[in-house]
Amino acid sequence: MNQETADHRTQHTGPVRNFSALLPSTPRGARQARRLAVEQLRDWGLPLYPAQHLVAELTANVVTHGRVPGRDFRLVLYVVATTLRIEVTDTRDDLLPGVRDAAPDSESGRGLVIVEALADRWGVELGPRPRKTVWAECGVG
């Protein structure tokens, strides 16, 4: 977790809502993550946009680029005040994500461009080895 978010959470006196799921690093696991996230957002009475798109892009990236056979990924959602944080953790700290220019006719390579456009903030955190977490935050209130 980045220091800015940790400090913000410490200063907030209201309840923190959170959800976590361990899912297989497969396309089916990514679909399940999206469904679970939508259900949780609805349960919390939060808007689906842009959060469901952020979850879709982050989980698609994790099963495409962060997959290690036999290892799962973790989806975490939590809300502090009016900020939703989405975290996707995998076990590929040797492969860090970055925004890249995709060819106009390419069918992939735009996931983090979409995340960057939709999220208020996003980033990557390493550790503990061999884990990395890609996170995105967006306002929900």
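Values below: all heavy atoms of this structure, side chains included; hydrogens, waters and symmetry mates excluded.
The side-chain contact (heavy atoms from CB on, under 4.5 Å) test with L23 is passed by exactly one of V88, L36, T59: L36.
By the side-chain contact (heavy atoms from CB on, under 4.5 Å) test, R67 pairs with S25, T26, P69, sequence neighbours left out. In terms of the side-chain contact (heavy atoms from CB on, under 4.5 Å) criterion, residue partners of A51 (sequence neighbours excluded) are, by chain and number, L41, L84, I86, C138. Legend: residues meeting side-chain contact (heavy atoms from CB on, under 4.5 Å) with T89, ordered by chain and number and at least two apart, are R74, R131, T133. Every residue meeting the side-chain contact (heavy atoms from CB on, under 4.5 Å) condition with P130, not counting sequence neighbours, appears here in chain and number order: R71, T91, D93.
Proximity of a side-chain donor or acceptor of K132 to a complementary backbone N or O of L95 within less than 3.5 Å is detected.
Looking at L46 and R17, their side chains come closer than 4.5 Å, going by heavy atoms from C-beta outward.
Every pair tested for ring pair (Phe, Tyr, Trp, His ring centres under 6.0 Å) that includes a residue from residues 15-43 fails, sequence neighbours excluded, so the list is empty. Sorted by first and then second residue, the side-chain hydrogen bond (donor to acceptor under 3.5 Å, both in side chains) pairs with a member in residues 40-50 form an empty list; sequence neighbours excluded.
Nearest heavy atom pair, residue T83 against residue V140, reads N-CG2, 4.2 Å. Here the closest heavy-atom approach between residue V76 and residue S20 is recorded as CG2-OG, 3.8 Å. Smallest separation of non-hydrogen atoms from R92 and G66: CG-O, 3.1 Å.
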